[in-house]
Engineer: 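Structure incoming, see below.
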Number of protein chains: 2
Amino acid sequence: MLTIGKLGEAAGVKVPTIRYYEQIGLLPEPDRSAGNQRLYGQSALDRLAFIRHARELGFPLDAIRDLLSLSDRPDQSCAAADVIARAQLAEVESRLARLTALKGELERMVVQCAGGRIADCRVIEVLGDHSLCATDHQHPESEAAS
Amino acid sequence: MLTIGKLGEAAGVKVPTIRYYEQIGLLPEPDRSAGNQRLYGQSALDRLAFIRHARELGFPLDAIRDLLSLSDRPDQSCAAADVIARAQLAEVESRLARLTALKGELERMVVQCAGGRIADCRVIEVLGDHSLCATDHQHPESEAAS
DNA sequence: CCTAAGGTCTCTAGTAGCTATAGCTTCAAG
DNA sequence: CTTGAAGCTATAGCTACTAGAGACCTTAGG
Ligand SMILES: [Zn+2]
Ligand SMILES: [Zn+2]
Ligand SMILES: [Zn+2]
Ligand SMILES: [Zn+2]
């Protein structure tokens with residue numbers, strides 16, 4: 001049996017994050033010690049490791065929730081799981097395309113700036129006028145930082 | 001003079017977003033009509049277009065705040081602006097590297113899945129065990145969606 | 001001149017995925 | 001038995017918005 005701290009250490013997840021996952025129903029409520037502290041077994045560790053790895057691969061918690069409930073039914077078809085993974089792949093690919101365009105524009109502007117006064121700064125100039133850009137680089141970004 | 005709706009239309013920014021920018025001090029408080037409605041001039045439009053473009057390029061609002069205050073002092077050196085742009089470029093490059101690794105792992109797992117039962121699903125299997133991954137793909141993601 | 005539609009006003013709360021703080025209790029080592 | 005670390009709950013904060021409620025302003029048609 002693991003305390004929440006040991007569990008977090010073992011899975012590489014911070015303690016408040018574990019409590020948050022429990023709160024949103026991603027982890028089941030564990031047994032408690034006589035003094036009301038959470039006690040976890042191997043299955044909780046497996047589940048948490050699964051969540052962590054899926055998060056590292058960028059899956060949103062909603063998708064992870066679906067993947068977990070699928071993995072609880074080992075005899076069913078994995079088609080739904082594959083759909084979720086392919087959707088995530090598509091999401092990553094679209095972000096990659098966008099970031100590649102952004103990288104190009106940012107490189108252009110830092111390279112073109114000769115480094116004088118603000119009035120002549122290519123960075124400021126380009127930011128104020130998209131027609132100076134070489135690509136379209138629409139906005140849709142995604143995902144949050146750790 | 002533009003109403004907030006016209007300004008938003010002209011700059012490609014939604015009305016509540018404009019009010020939000022004003023609230024956090026990114027846009028100055030504009031004059032009001034007799035009936036208390038906001039009225040904007042050309043300078044507000046320029047400033048909002050600048051913000052929008054910088055957002056499209058992924059700059060966080062804090063960086064945009066700094067860039068705007070720099071652009072208000074045209075005679076100073078643009079070194080600080082260039083530093084901000086290069087930091088943004090570095091951020092984009094690091095996200096690109098990470099997303100490229102993620103894309104590789106996701107492709108591997110969807111390709112390797114033969115599509116049978118959950119118990120044999122490569123997607124579920126890999127999500128539960130990072131040692132099946134080919135790369136390290138640490139977590140740090142960034143930025144939010146539009 | 002009046003009315004109806006649509007734009008605008010303020011304020012509040014919600015989104016994702018946590019992180020941080022406060023003030024308390026429990027546990028384990030010495 | 002004491003002390004300090006770790007745990008508990010509850011609440012608020014983070015980014016950058018978005019959505020809603022309910023009231024007010026503006027303007028074009030009749
Ligand atoms: Zn410059
Ligand atoms: Zn542009
Ligand atoms: Zn499968
Ligand atoms: Zn992995």
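Below, read A as the first sequence line, B as the second, and so on, with proteins coming before strands; counting in each chain starts at 1.
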Engineer: How many whole angstroms separate atom CZ of B:Arg52 from atom P of D:dC17?
Structural biologist: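 Between P of D:dC17 and CZ of B:Arg52: 11 Å.
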
Engineer: My understanding is that only residues two or more places apart in sequence, or in another chain, count here; which of them pass salt bridge (Lys or Arg N to Asp or Glu O under 4.0 Å) with B:Asp136?
Structural biologist: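 Listed in chain order: nothing, the list is empty.
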
Engineer: Enter the distance from B:Met1:CE to B:Arg38:CZ here, rounded to the nearest 0.5 Å.
Structural biologist: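 B:Met1 atom CE to B:Arg38 atom CZ measures 14.5 Å (nearest 0.5 Å).
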
Engineer: Nearest of D:dC17, D:dT18, C:dG17 to any side-chain atom of A:Tyr20?
Structural biologist: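 The listed nucleotide nearest to A:Tyr20's side chain is C:dG17.
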
Engineer: Under 3.5 Å, which donor-acceptor pairs do the side chains of residues 57-67 of chain A form with other protein atoms, sequence neighbours left out?
Structural biologist:
{"residue": "A:Arg65", "atom": "NH1", "partner": "A:Ile24", "partner atom": "O", "Å": "2.8"}
{"residue": "A:Arg65", "atom": "NH2", "partner": "A:Ile24", "partner atom": "O", "Å": "3.4"}

Engineer: For A:Tyr21 and C:dC18, is the shortest distance between a side-chain N/O and OP1 or OP2 below 4.0 Å?
Structural biologist: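 For C:dC18, OP1/OP2 do have a side-chain N/O of A:Tyr21 under 4.0 Å.
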
Engineer: Would you mind building the protein contact string for nucleotides 25-30 of chain C? One character per nucleotide, 5' to 3', B for base within reach (heavy atoms under 4.0 Å), S for sugar-phosphate only, - for untouched.
Structural biologist: -SS---

Engineer: Any pair with a residue in residues 120-131 of chain B that passes salt bridge (charged side-chain N to carboxylate O under 4.0 Å, His left out), sequence neighbours left out, goes on the list, sorted by first then second residue, please.
Structural biologist: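 Only B:Arg117-B:Asp120, B:Arg122-B:Glu125 qualify under salt bridge (charged side-chain N to carboxylate O under 4.0 Å, His left out).
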
Engineer: Taking only residues two or more places apart in sequence or in another chain, which ones pass side chain to side chain contact (heavy atoms under 4.5 Å, CB included) with A:Ala101?
Structural biologist: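 Listed in chain order: A:Thr135, A:His137.
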
Engineer: Using atom CD1 of B:Ile4 as one end and atom P of D:dC25 as the other, report the distance to the nearest whole Å.
Structural biologist: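 Taking atom P of D:dC25 as the reference, CD1 of B:Ile4 is at 17 Å.
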
Engineer: Is the phosphate of C:dC18 approached by A:Arg55 (side-chain N or O, under 4.0 Å from OP1 or OP2)?
Structural biologist: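 The answer is yes; a side-chain N or O of A:Arg55 sits under 4.0 Å from OP1 or OP2.
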
Engineer: Is the distance from OP1 or OP2 of D:dC17 to the nearest side-chain N or O of B:Lys14 less than 4.0 Å?
Structural biologist: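 No, because none of the side-chain N or O atoms of B:Lys14 sits under 4.0 Å from OP1 or OP2 of D:dC17.
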
Engineer: Provide, to the nearest angstrom, the distance between the CD1 atom belonging to B:Ile24 and the P atom belonging to D:dC14.
Structural biologist: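 Distance, rounded to whole Å: 12 Å.
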
Engineer: Compare all side-chain heavy atoms of A:Leu45 with those of A:Gln42 and state whether any distance is below 4.5 angstrom.
Structural biologist: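 Yes, side chains in contact.
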
Engineer: Taking only N and O in the side chain of B:Arg19, is any of them less than 4.0 Å away from OP1 or OP2 of C:dC9?
Structural biologist: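 B:Arg19 to C:dC9 OP1/OP2: side-chain N or O found under 4.0 Å.
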
Engineer: Determine the contact category for A:Arg38: base if any of its heavy atoms lies under 4.0 Å from a base atom, sugar-phosphate if only primed atoms, P, OP1 or OP2 are that close, otherwise nothing.
Structural biologist: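 Sugar-phosphate, backbone atoms only, no base.
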
Engineer: How many Å lie between NZ on A:Lys6 and P on D:dA5, as a whole number?
Structural biologist: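 So the NZ-P distance, A:Lys6 to D:dA5, works out to 14 Å.
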
Engineer: Which whole-number value in Å describes the distance from A:Leu2 CG to D:dG7 C1'?
Structural biologist: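 Distance, rounded to whole Å: 15 Å.
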
Engineer: Sorted by first residue and then second, give each ring pair (Phe, Tyr, Trp, His ring centres under 6.0 Å) pair with at least one member in residues 9-51 of chain A; sequence neighbours left out.
Structural biologist: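 Applying ring pair (Phe, Tyr, Trp, His ring centres under 6.0 Å) to every pair that reaches into residues 9-51 of chain A, excluding sequence neighbours, yields nothing.
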
Engineer: Roughly, in whole Å, what's the span from CD1 in B:Ile51 to P in D:dT15?
Structural biologist: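 It works out to 16 Å between those atoms.
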
Engineer: Taking only the side-chain heavy atoms of B:Arg32 (C-beta and beyond), determine which of C:dT19, D:dT9, C:dT10 contains the nearest atom.
Structural biologist: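 That would be C:dT10.
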
Engineer: Between B:Asp31 (CG) and C:dT8 (P), how many Å, whole number?
Structural biologist: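 Answer to the nearest Å: 16 Å.
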
Engineer: Rounded to whole angstrom units, what separation is found between the CD atom of B:Glu9 and the C1' atom of C:dT8?
Structural biologist: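 Rounded to whole Å, this separation is 15 Å.
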
